[in-house]
Amino acid sequence: MQIVLAGSLTLLLGLTLTYLARHASRRVGLVDAPKPERWHQKPTPKLGGAAIYCAFLIGYVVFAPKVPGTYAILGAATLLFLSGLIDDLIHIKPYEKLVVQTAAAAATVFFGLHLPWVEFQWVNELLTIFWLVGITNAINLLDNMDGLAGGVTVISSAFLAITFLLNGQISEAILPVLLGGAVLGFLFFNFNPASIFMGNSGSMFLGFALGATALLANTARVRSISSVLLTPVLILMLPIFDTCFVTISRKLSGRPISQGGRDHTSHRLVALGMSERRAVITLYVFAVCSGLLALTVRWLETTFVLALVPVFALVVMFLGLYLGQVRVYADGERHDGLRIINAIADFTYKRRVLEVMLDTLLIALAYYGAFVLRWDGGLPDEQLHIFLKTLPLVIIIQIAIFLFGGVYRGLWRYVGINDLLIITRAVVAGAAASTIFVFLMYRFRGPSRAVALLDLLLLLVFVSVSRLSFRMLRSLIVGRANTDAKPVLIYGAGDGGELLIREILNNPDHGYAPVGFIDDDDRKTGKKIHGYRIFDSDELPSLIRAHGISEVLISSLKVSEARLESLRRMGVGLKKMSIRIE
């Protein structure tokens, strides 16, 4: 009951104080003006951080959780809030902020809070300082689009509170509830279109408060050491991922890491055609999935966790690789450092180094997953010994067969049925060859035949999905994302229509949003191509009115001139698809 009251109080305070802060910010002229490297287009008040901090502080005073270390968290977080507020007023240098962040983190460690990741306390203390500074800057960098940092903070606070409750830490759970309630009240004014920003005072305070609150978890109640290591990282995975992504991309492209820019995960989703709201909500979903995984690993054996988490890490890696290809700057804004990216991309394309490294990881993961599934997570010592001893041999054999089997001759972006057949043949041959060698090594005593079958199935799934990943991501993100695109119908649901819609979906720069197909063949009516319905030609007038269609794309050469003329009389423009070979 106290937790509900604490969250309700800070929610109401967050709403009220944010409303007042918005007016006060405008009066004193504390607004964030639009800049080329920023996303917003109009001057916006930026005292939201003060409202969040005050709402949290009042809630803390009223409910004051009797937990060792909370005073240290409050004091250090207050220092970060004040330094962020000064930065909002007069702009302090990045290294000066880093000094303050490090001092606040060191003070928190001095009062006994640290990550329990290794046996040596001094190592844990250094890792904790790095963790606190990193999460502080991660939330600060994530504050790049309306509602993003605030919403992710609310989600992370909710999962931290659930983690504490599962650990039996009722008093500790009050802290993230207070924080989440205050931010939720602010989010009412900050979600797109935002009428107030949290500023550096809010983002630095929230980042530090989140990172430090995670240190309060009682690891003695957790089932496995893997949960101790992974739970805080998974709960805060989105800001960690975005920070690493931006840091690497800016470093490679020659841009200063501390300089603002439109190259974050959210910006790249918008560049792919998403609306700002949908991009933010998509990242909310990512944060929720990561939080759910954090709760899941606490109930699993370490053997299962070591199989599940790498799969999630691969998904995150593929997302990063895909978004890394998105162009977010105009030609005039490019830096010389982009030559480094081009050189790396060219090297990985020609040498296939990246693919071989990835497949090596997938082979190891599939082989380990086969053992885990066969023995229900409780790997016997003799089976663990077999796995460790035979893993190098399995990798060598399967990679060699992949190489000579033609797996590395295709392009991921254009993977089709023929490529999948090549992959299937190589996986089956590699699994068969490696199984034979493993069984011969142990004279057909010890290795499990079920492991061999599971390894084949898992590896086939992993490799196939990896090759199809870019197409799947493009379909999920780009396929129906561009809300500013012109709605069009495609006339002709044959091979030409399939080719045309694939080109439109693969290249959002065309500016078209397909509504569906029109075809004169009644047998095709109601069916779908790439998820888009085929309509009867008699439905054309009603579709034009319902969707505001001004253009029809002709994909077939068999459409008569009389039919084209009747389309023109309906008030739509016509464009014909053509393929020229000269």
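Here the structure is a predicted model, which is why all the values come from computation and not from measurement.
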Discussion item. On a heavy-atom basis, which atom in Ala138 and which in Ile240 lie closest, and how many Å separate them?
Written reply: CB-N, 4.4 Å
Item to complete: With the side chain counted from C-beta on, respond yes when Pro193 and Arg277 share a heavy-atom pair under 4.5 Å apart, and no when they do not.
Response: yes
Discussion item. Closer than 3.5 angstrom, by distance alone: can the side chain of Thr10 be matched with the main-chain N or O of Leu178 as a donor-acceptor pair?
Written reply: yes
Item to complete: Would you indicate whether Tyr19, at its atom OH, is surrounded by more than 12 heavy atoms from other residues, nucleotides or ligands within a distance under 6.0 Å?
Response: no
Worksheet item: Hey, what do you get for CZ (Phe120) to CD (Glu125), rounding to the nearest 0.5 Å?
Response: 13.5 Å
Worksheet item: So do the side chains of Tyr60 and Thr70 get within less than 4.5 Å of each other, counting heavy atoms only?
Response: yes
Item to complete: Only counting residues at least two apart or in another chain, list the ones meeting ring-ring contact (aromatic ring centres under 6.0 Å, His included) with Phe402.
Response: none
Response to the item:
With sequence neighbours left out, the residues meeting side-chain contact (heavy atoms from CB on, under 4.5 Å) with Ser83 are Leu80, Val100, Met204
Item to complete: Name all residues meeting the side chain to side chain donor-acceptor pair (under 3.5 Å) criterion together with Thr102; count only those two or more places apart in sequence or in a different chain, and write none if there are none.
Response: none
Worksheet entry | Ile73 and Phe111, any side-chain heavy atoms less than 4.5 Å apart | no
Fill in: Shortest non-hydrogen separation from Ser464 to Ile423 and the atoms involved
OG-CG2, 4.1 Å
Worksheet item: Roughly how far apart are Leu166 CG and Gln169 CD, rounded to 0.5 Å?
Response: 10.5 Å
Worksheet item: Between Thr78 and Tyr53, do the side chains contain an N or O donor and an N or O acceptor separated by less than 3.5 Å?
Response: yes
Worksheet item: Looking at residues at least two apart in the chain, or sitting in another chain, which of them share a side chain to side chain donor-acceptor pair (under 3.5 Å) with Tyr284?
Response: none
Item to complete: Check side-chain contact (heavy atoms from CB on, under 4.5 Å) between Ala194 and all other residues, then give those that pass, not counting sequence neighbours.
Response: Asp146, Asn190, Phe197
Discussion item. When you compare the side chain of Phe188 with that of Thr18, does any pair of heavy atoms fall below 4.5 Å?
Written reply: no
Item to complete: Name all residues meeting the side chain to side chain donor-acceptor pair (under 3.5 Å) criterion together with Asn124; count only those two or more places apart in sequence or in a different chain, and write none if there are none.
Response: none
Fill in: ring-ring contact (aromatic ring centres under 6.0 Å, His included) partners of Phe189, counting only residues at least two apart
none
Worksheet entry | Minimum heavy-atom distance Gly211-Leu215, with the two atoms named | O-CG, 3.6 Å
Discussion item. Going by the rule ring-ring contact (aromatic ring centres under 6.0 Å, His included), which residues pair with Phe186 if we only count those two or more places apart in sequence or in a different chain?
Written reply: none
Worksheet item: When you measure from the side chain of Asn144 to the backbone N and O of Leu142, does any donor-acceptor pair fall under 3.5 Å?
Response: yes
Fill in: Interatomic distance, Thr243 atom OG1 to Ile135 atom CD1 [nearest 0.5 angstrom]
7.5 Å
Discussion item. A side-chain contact here means heavy atoms from C-beta on lying under 4.5 Å apart; do Phe159 and Leu234 qualify?
Written reply: no
Fill in: Residues Asp419 and Arg467 bridged, charged N to O under 4.0 Å
no
Practice prompt. Determine, step by step, whether Asn140 and Thr136 satisfy the side chain to side chain contact (heavy atoms under 4.5 Å, CB included) criterion, reporting the C-alpha distance in whole Å, the side-chain angles of both residues, the deciding distance to 0.1 Å, and the verdict.
Written response: CA-CA 6 Å; Asn140 184 246; Thr136 300; 5.8 Å; no
Worksheet item: His264 vs His267 aromatic rings, parallel, tilted or perpendicular, using cut-offs 30° and 60°?
Response: perpendicular
Worksheet entry | Passing candidate, side chain to side chain contact (heavy atoms under 4.5 Å, CB included) with Phe164, options Leu216, Val67, Leu175, Ile174 | Leu216
Discussion item. Could you check whether any side-chain N or O of Ser290 sits under 3.5 Å from a backbone N or O of Phe286, counting only pairs where one atom can act as donor and the other as acceptor?
Written reply: no
Item to complete: Flag the pair Thr213 / Leu210 as yes when at least one side-chain heavy-atom distance between them is below 4.5 Å, and no otherwise.
Response: no
Worksheet, complete the sentence: Between Leu15 and Gly185, the two heavy atoms sitting closest are CD2-O, 3.5 Å
Worksheet entry | Separation between CE of Met237 and CG of Leu293, rounded to the nearest 0.5 Å | 8.5 Å
Practice prompt. Begin with the C-alpha distance, continue with both residues' side-chain angles, and end with the deciding distance and a verdict on side chain to side chain contact (heavy atoms under 4.5 Å, CB included) for Phe56 and Val183.
Written response: CA-CA 9 Å; Phe56 173 81; Val183 180; over 6 Å; no
Item to complete: Just do the side chain to side chain contact (heavy atoms under 4.5 Å, CB included) check on Ser157 and Val177 with the steps written out, would you?
Response: CA-CA 7 Å; Ser157 297; Val177 168; over 6 Å; no
Item to complete: List in chain and number order the residues that pass side-chain contact (heavy atoms from CB on, under 4.5 Å) with Ala287, two or more places apart in sequence or in another chain; answer none if no residue qualifies.
Response: Ile155, Leu238
Worksheet item: Could you go step by step and tell me if Phe245 and Leu141 meet the side chain to side chain contact (heavy atoms under 4.5 Å, CB included) rule?
Response: CA-CA 11 Å; Phe245 180 79; Leu141 286 171; over 6 Å; no
Worksheet item: Looking at side-chain heavy atoms only, is the closest gap between Leu206 and Asp143 below 4.5 Å?
Response: no
Discussion item. If I compare all heavy atoms of Ile235 with all of Ala294, which pair ends up nearest, and what's the gap?
Written reply: CG1-CB, 3.7 Å
Worksheet item: For Leu184, which residues count as a side-chain contact (heavy atoms from CB on, under 4.5 Å) partner, sequence neighbours excluded?
Response: Leu11, Val154, Leu187
Discussion item. Measuring from atom CZ of Phe208 to atom CG of Asn137, what distance do you get when rounded to the nearest 0.5 angstrom?
Written reply: 11.5 Å
Fill in: Heavy-atom check, side chain of Asn167 versus side chain of Glu172, under 4.5 Å
no
Worksheet item: Sequence neighbours excluded, which residues qualify as ring-ring contact (aromatic ring centres under 6.0 Å, His included) partners of Tyr368?
Response: Phe387
Worksheet, complete the sentence: Contacts of Thr265 meeting side chain to side chain donor-acceptor pair (under 3.5 Å) (sequence neighbours excluded), chain-then-number -> Asp242
Worksheet item: Between atom CG of Leu85 and atom CZ of Phe205, what is the distance when rounded to the nearest 0.5 Å?
Response: 12.5 Å
Discussion item. Other residues, nucleotides and ligands only: do more than 12 of their heavy atoms fall within 6.0 Å of CZ on Phe312?
Written reply: yes
Worksheet item: Of the non-hydrogen atoms in Ala76 and Thr108, which two are nearest, and what is the gap between them?
Response: CB-OG1, 3.5 Å
